[in-house]
Visitor: 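Questions regarding the structure given below will be posed in turn.
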Protein chains: 2
Amino acid sequence: MSPTKEHIILTSFRLFLQKGYKEVTMNMLVKATGLSKGAFYHYFENKEQLFVETLDNLFFSISPFNNEMIINPEVSFFDYMQMYIDNIKKMAKTVSTYVGEESSGMGYYRLMLDVAHYAPDFHKKIDASNKYELAFWRKVVENGIRKGEVKEDLDVDILANHFQWLQDGVALNSIFSGDPDGLYSNLDKVFSQLYKIIKK
Amino acid sequence: MSPTKEHIILTSFRLFLQKGYKEVTMNMLVKATGLSKGAFYHYFENKEQLFVETLDNLFFSISPFNNEMIINPEVSFFDYMQMYIDNIKKMAKTVSTYVGEESSGMGYYRLMLDVAHYAPDFHKKIDASNKYELAFWRKVVENGIRKGEVKEDLDVDILANHFQWLQDGVALNSIFSGDPDGLYSNLDKVFSQLYKIIKK
DNA sequence: AATTTTATTCCGACCGTTCGGTCTGTTATT
DNA sequence: AATAACAGACCGAACGGTCGGAATAAAATT
């Protein structure tokens, strides 16, 4: 990909993440990139395609999962929990790298809503990502039960969902309360206590 | 308040809830109300003030709490949990009454983001509402512990937050997955299992 | 009670601005 | 010489908002 195009995409992503699709105008993008209208419409058909291509390149690369997250039967439930929190932390760092300092994580949710509205196809990708995350928790829970670390009279699906939902809720709340750092400490606290009561 | 103004506010709220602030144009509102530009700008200074006033009248009246939710020491933790779920259900029903059928609950979150952006003062109200909800859970948990229904070696604050975050996470997920009814069943499942493990 | 005056409510054509997008021309690359 | 990479003036449409006036209701005067 041409360096100019890459520059456009990165700058656009930053702005979309800060303000959302509708709030970002082409002239803002032109100004922010230091380029011209001509350059934009040379590389992209229209604003919507630019948005979609931007998402395709960067939005879905932000994921709390990496290669280390592949399930290893040796690793304990507790360690996976910590690993998960670390990855959330990394992901948040990645987002704030793109977005600079402003707008905290609010833009991330805004963008998810825009995705649902302007690029309904990507909605499936978000769905798939959620499914993947759920499958992760499912395996971790199963593993924990098999190893005798976690109580066995618990419904695996519900507990897997429990962790995922809890993470979503904490993230949502830390974003809306404007306390991005609360995400980690709160996640740590509530996960630890939950672990304490599901531990055999 | 004049019936016309009330009509404007209700119609506007419906549309804002469906599409978000920027996506709703004055002409759409004019058409939807069956009135005219003149009528709008007779009652409101500009679009933003209309938005703010609409929120003030309707958005903040939607709350999962009503008079029955005042803490009664006689009521068990379990019953409060059920009551809470019922109120969530009622709240969702209220929203869908306003919004008609479309747009599910996605619009609710979109509107919360718009609130944070266009009416930062209301951000405090959302905060206050969260604090209130948290205080509710806190009392319920304390009461549950005092009555010997809930394990006493649990941190009250964390557990109170736990329930609230969990609710947020389930709501967020059911909205994004486009399964509004999943909210109730999932909430029921995960709350029940959580209850099982915090029960003395 | 009838009539005039005043104020309110509402209409819709219209305004300036901004939006996404186009098009012609210039510069750099091959 | 030909093509790709940009620049930026420009366009029609749509935006939020204005304004003079018509319709209606309320108050005042006769």
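Values below: every heavy atom of this structure, side chains too, minus hydrogens, waters and symmetry copies.
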Visitor: Looking at every strand, decide which applies to B:V24 at a 4.0 Å heavy-atom threshold: base, sugar-phosphate, or nothing.
Guide: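 Counting heavy atoms under 4.0 Å across all strands, the contact made by B:V24 is with sugar-phosphate only.
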Visitor: Does the ring centre of B:Y80 sit less than 6.0 Å away from the ring centre of B:W137?
Guide: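 That pair fails the under 6.0 Å test.
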Visitor: Rounded to the nearest angstrom, tell me the gap between atom NZ in B:K31 and atom C1' in C:dC10.
Guide: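 My rounded result for the distance is 20 Å.
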Visitor: Given atom CD of A:E23 and atom P of D:dC15, what is their separation to the nearest angstrom?
Guide: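 One finds 15 Å between P of D:dC15 and CD of A:E23, rounded.
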Visitor: What are the residues of residues 35-45 of chain B, sorted by number, that bring a heavy atom to within less than 4.0 Å of DNA chain D?
Guide: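 Contacts with DNA chain D under 4.0 Å: B:K37, B:Y41.
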Visitor: How many whole angstroms separate atom CG of B:L50 from atom C1' of D:dG17?
Guide: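 Those two atoms, CG and C1', are 13 Å apart.
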Visitor: Check whether more than 12 heavy atoms from other residues, nucleotides or ligands sit under 6.0 Å from atom NZ of B:K31, and answer yes or no.
Guide: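 No, NZ of B:K31 has 12 or fewer neighbouring heavy atoms, counting only those of other groups under 6.0 Å.
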Visitor: What contact category does A:T4 fall into here, base, sugar-phosphate, or nothing, at under 4.0 angstrom with non-hydrogen atoms?
Guide: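 Sugar-phosphate, backbone atoms only, no base.
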Visitor: Give, for atom CG of B:L29 and atom CZ of B:F40, the distance between the pair rounded to the nearest 0.5 Å.
Guide: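 It is 4.5 Å, given to the nearest 0.5 Å.
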Visitor: What's the NZ-C1' distance between B:K5 and C:dC10, to the nearest Å?
Guide: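 It is 15 Å, rounded to the nearest whole Å.
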Visitor: Can you confirm if the aromatic rings of B:Y195 and B:F78 lie within a centre distance of less than 6.0 Å?
Guide: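 Under 6.0 Å, so yes.
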Visitor: Are the aromatic ring centres of A:F77 and A:F163 under 6.0 angstrom apart?
Guide: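 Here the rings of A:F163 and A:F77 have centres that are less than 6.0 Å from each other.
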Visitor: In whole angstroms, how far is the C1' atom of D:dA14 from the NZ atom of B:K22?
Guide: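 Rounded to whole Å, this separation is 13 Å.
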Visitor: Rounded to whole Å, how long is the line connecting atom CG of B:N27 with atom P of C:dC14?
Guide: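 Distance, rounded to whole Å: 15 Å.
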Visitor: Tell me whether the guanidinium CZ or amine NZ of A:K89 lies under 6.0 angstrom from the six-membered ring centre of A:Y184 and within 45° of its axis.
Guide: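 Yes, a cation-pi geometry holds between A:K89 and A:Y184.
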Visitor: Whole angstrom is fine here: how far is it from CG in B:N46 over to C1' in C:dT17?
Guide: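 Spelled out: CG on B:N46 to C1' on C:dT17 is 16 Å.
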Visitor: Rounded to the nearest angstrom, tell me the gap between atom CG in B:L15 and atom P in D:dG16.
Guide: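 Rounded to the whole Å, the gap is 12 Å.
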